[in-house]
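Working notes, beginning with the structure itself.
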Number of protein chains: 2
Amino acid sequence: MSTGTSKTGTTTQVHETSGGTVLREGAFGNARGLVCRECGATQPLGPHYACLECFGPLEIAYDFPEVTREQIEAGPRNIWRYKALLPVPDDIESSPNTEPGFTRLLWAENLGRELGITTLWVKDDSTNPTNSFKDRVVACALSAAVEFGSKVFACPSTGNLANAVAAAGARAGIKTVVFIPSNLEHPKQVNSAIFTDSLVAVEGNYDDVNRLASEIAGEEDGWAFVNVNVRPFYAEGSKTLGYEIAEQLGWRLPDQIVIPVASGSQLTKVDKAFQELIKLGLVEDKPYRVFGAQAEGCGPVATAFKAGVDAIRPVKPDTIAKSLAIGNPADGIYVLDIARRTSGAVEEVDDDAIRDAIVLLARTEGIFTETAGGTTVAVLKKLVETGQLDPDLETVVINTGHGLKTLDAVSGRVAPAATIAPTYDAFAASGIV
Amino acid sequence: MSTGTSKTGTTTQVHETSGGTVLREGAFGNARGLVCRECGATQPLGPHYACLECFGPLEIAYDFPEVTREQIEAGPRNIWRYKALLPVPDDIESSPNTEPGFTRLLWAENLGRELGITTLWVKDDSTNPTNSFKDRVVACALSAAVEFGSKVFACPSTGNLANAVAAAGARAGIKTVVFIPSNLEHPKQVNSAIFTDSLVAVEGNYDDVNRLASEIAGEEDGWAFVNVNVRPFYAEGSKTLGYEIAEQLGWRLPDQIVIPVASGSQLTKVDKAFQELIKLGLVEDKPYRVFGAQAEGCGPVATAFKAGVDAIRPVKPDTIAKSLAIGNPADGIYVLDIARRTSGAVEEVDDDAIRDAIVLLARTEGIFTETAGGTTVAVLKKLVETGQLDPDLETVVINTGHGLKTLDAVSGRVAPAATIAPTYDAFAASGIV
């Protein structure tokens, strides 16, 4: 313990992490350490992601104080209303960030009618600052990077994460370096390059980019790779999706929830959020069923679920749902656990079903989702049709991103109904109405 | 007066408009009639937009009850928290709509530093449901269309409005017909066609499309053209930008505000909102300065302002800021009045300055704006440089839309810094950091 100066200029207590980083007191709020998800071994908070004992994944453990609904409701209209439940300091709102979260939870009466579901809600994360749920996790990673004194804020990404990291870094005034596959679609390149002068195109696929990122994280000091060495802090941001759904339902849990699965992290964190809310007495304890959504072209978790096995066999992705195209999902085994524990399922759909579902969601609810959201809605439809999801139980489906980023997926399906001369006669003859 | 059944199934009082439409009691909340902005003549609420006496533009007049900050703060986190100040029924939240508004007001410390402004805020409407401020006005127009019993919800548009109308109509389950110029950019076409099967491409420019819409509105019964025959209701939605800015500043008005000018409606409605808040005692009365932003390729209001004249000479637009490209702005003369009354100004910038400002806003605040927002930020910069705006007064700049819709404007300016092989050596040799 020594005395230092915090960001806000006040004198506070600080302490060192195992890695020698000097942290100010309260840098991570109510988080008390890192704990291995496999063997339960603990270590101090720091930019670490693998257990020293067994190399298992680390996650954040907390000592939560009493937290009330009223405290949360009095907070800002973004994810920081839940700051007491996140690994962030109490003064997080004064640090420049993109202020994501508290997105719409829309009652989807039309879509429910189409699918035969009595009560259906869409949690719409496409209206986040950079139009995907990644703004939530990146905001938490940014806080960790700042507290660790990182000099570079970085990620490997196929698109949404790149956008979120580059934007958050720009706003926070921290140097960003963003790695993408060199064949990434032009719109996603522009939507990252607009924010950073250090967008790096890598000749290879996402797996190649990811490996390079891990190598750089090992070689360079002071780099915070959001989804590599600060991953435990980053991943906690997804809990806010679960908190918001519960709060927006009037502080109760839904009966069923359908969540896309890429690495599987989001699904496990929504479940963690529900469990925390129950333990803290913020919602009533009740059964809920968790369903995972994958694309057939990258469905290793769905395959394992259907086969009834625990091991996940990696695949080489081949699907239009590129933001879900992780062939070797890090949290896949935990997704299986949760789906089985809650009487849920993990299901998969083909690319045509994904395209159809994008149009279906748009035409029924006025939401233009990307391919990941199309996958989730298509899986929801399949779950009803196959009797795996109870259409009479209250259901939430998560839309994680925006269709403007994956225009090509549907641009062959939708078009003007007619092209006419600018006259009333031409209109009347067009048969439009 | 007769007895009828409202949407929610309860028996309510209804009355007829001058046009014979049967309205339920309270269909337009505290609105009491339509009043001519030119001659002050009044007429009953109905789908009308021109004065019967002088053909001047109509706007909504109200009998406001007492409205408190607490009532507003207890409302939903969207524009309906201000429903008492809008021409919508008290049960508006139960009608399906996109639930726009209550977007971020971000303290723009980095941009302020770049421009030499002490206290600067960005009101970011790019995170609305269809990523522009148009969701606000369309939500109010939709309410009017529903109350008038309209069978078709329609608009002529160059993009943002088309997106908003098609999405809101889909969610509300009302037939939409959306007219666009046939040469509109592909992304904007997809972002409308995804929501409606009646997107109509018109061979001509926006003026041609607009004329056709007016012709159809005159010929067809039961069509609600949001920006034609229900324009008075539609336009009121822009007031919510002003209300939100004041509430998010802690119930006070900024000293200066910079607003883009297309038709000029938004600027006049933000001023109207500020005046209403003062009259209702919701904010303290104080001087504020209103600045309008145009592109040089379509700057008829700026031209008139600088010339010190009252008449606005229409121009043929030629600018990358297509959503501001209205050559004959309907509310231009009122923009002049307000800029002069408040000691503001109307300024214009060229296309290169617009492109530069899009990158500047992204790099400083992590916000990717469209060309209209680029215009507004570029004008803000010019206003400081020319001494027209006081850099020591608190200033708000409005970002009305999303850069993903106008990618081409900047795709030649931003790109990956390097393309490398997927190895650490290649990275180390790249000179990225």
| request: Can you run down the salt bridge (Lys or Arg N to Asp or Glu O under 4.0 Å) pairs that involve residues 411-429 of chain A, sequence neighbours left out, and say none if there aren't any? | output: A:Asp352-A:Arg413, A:Asp356-A:Arg413

| If you take all heavy atoms of A:Ala170 and B:Asn110, which pair is closest and at what distance? | O-ND2, 3.5 Å

| query | Atom CD1 in B:Ile194, atom CG in A:Leu407: separation rounded to 0.5 Å? | reply | 9.0 Å

| note | Residues B:Glu99 and A:Arg104: closest non-hydrogen pair is O-CD, 3.9 Å

| For A:Arg171 and B:Glu365, what are the C-alpha separation, side-chain angles and deciding distance, and is it a salt bridge (Lys or Arg N to Asp or Glu O under 4.0 Å)? | CA-CA 4 Å; A:Arg171 181 149 165 78; B:Glu365 301 301 341; 2.5 Å; yes

| field | Most contacts with chain A, counted as non-hydrogen pairs under 4.5 angstrom, among B:Val359, B:Thr364, B:Val410 | value | B:Thr364

| request: Working to the nearest 0.5 Å, report the span between CZ of B:Phe195 and CD1 of A:Ile367. | output: 8.5 Å

| field | Top of B:Glu203, B:Arg363, B:Arg211 for chain A proximity - count of heavy-atom pairs under 4.5 angstrom | value | B:Arg363

| Flag side-chain contact, heavy atom, 4.5 Å: A:Tyr424 against B:Glu220 | yes

| task | Find the one option among B:Asn131, B:Thr423, B:Val177 whose heavy-atom pairs under 4.5 Å with chain A are most numerous. | result | B:Asn131

| With respect to chain A, which residue among B:Ile420, B:Ile216, B:Val190, B:Thr98 yields the maximal number of heavy-atom pairs within a distance under 4.5 Å? | B:Ile420

| Quick one: of B:Ala426, B:Ala362, B:Ala415, who has the most non-hydrogen atom pairs under 4.5 Å with chain A? | B:Ala362

| request: Mind ranking A:Gln189, A:Lys405, A:His186, A:Glu215 by heavy-atom pairs under 4.5 Å with chain B and telling me who comes out on top? | output: A:Glu215

| said: If the contact rule is any heavy atom under 4.5 Å from chain B, which residues of residues 119-128 of chain A qualify, in numerical order? | reply: A:Thr127, A:Asn128

| Quick one: what part of A:Lys151 sits under 4.5 Å from any heavy atom of chain B, side chain, backbone, both or neither? | neither

| task | Counting only heavy atoms closer than 4.5 Å, note whether B:Thr103 contacts chain A via side chain, backbone, both or neither. | result | neither

| request: Working to the nearest 0.5 Å, report the span between CG of B:Asn163 and CZ of A:Phe368. | output: 9.5 Å

| query | Roughly how far, to the nearest 0.5 Å, is OG of B:Ser411 from CG of A:Asn191? | reply | 12.0 Å

| note | Pair count under 4.5 Å, heavy atoms only, with chain B: among A:Ser430, A:Ala167, A:Pro416, highest is A:Pro416

| field | Minimum heavy-atom distance between B:Ala417 and A:Asp197, given as atom pair plus value | value | CB-O, 3.3 Å

| If you count heavy-atom pairs under 4.5 Å between each of B:Val200, B:Thr176, B:Asp208 and chain A, which one has the most? | B:Val200

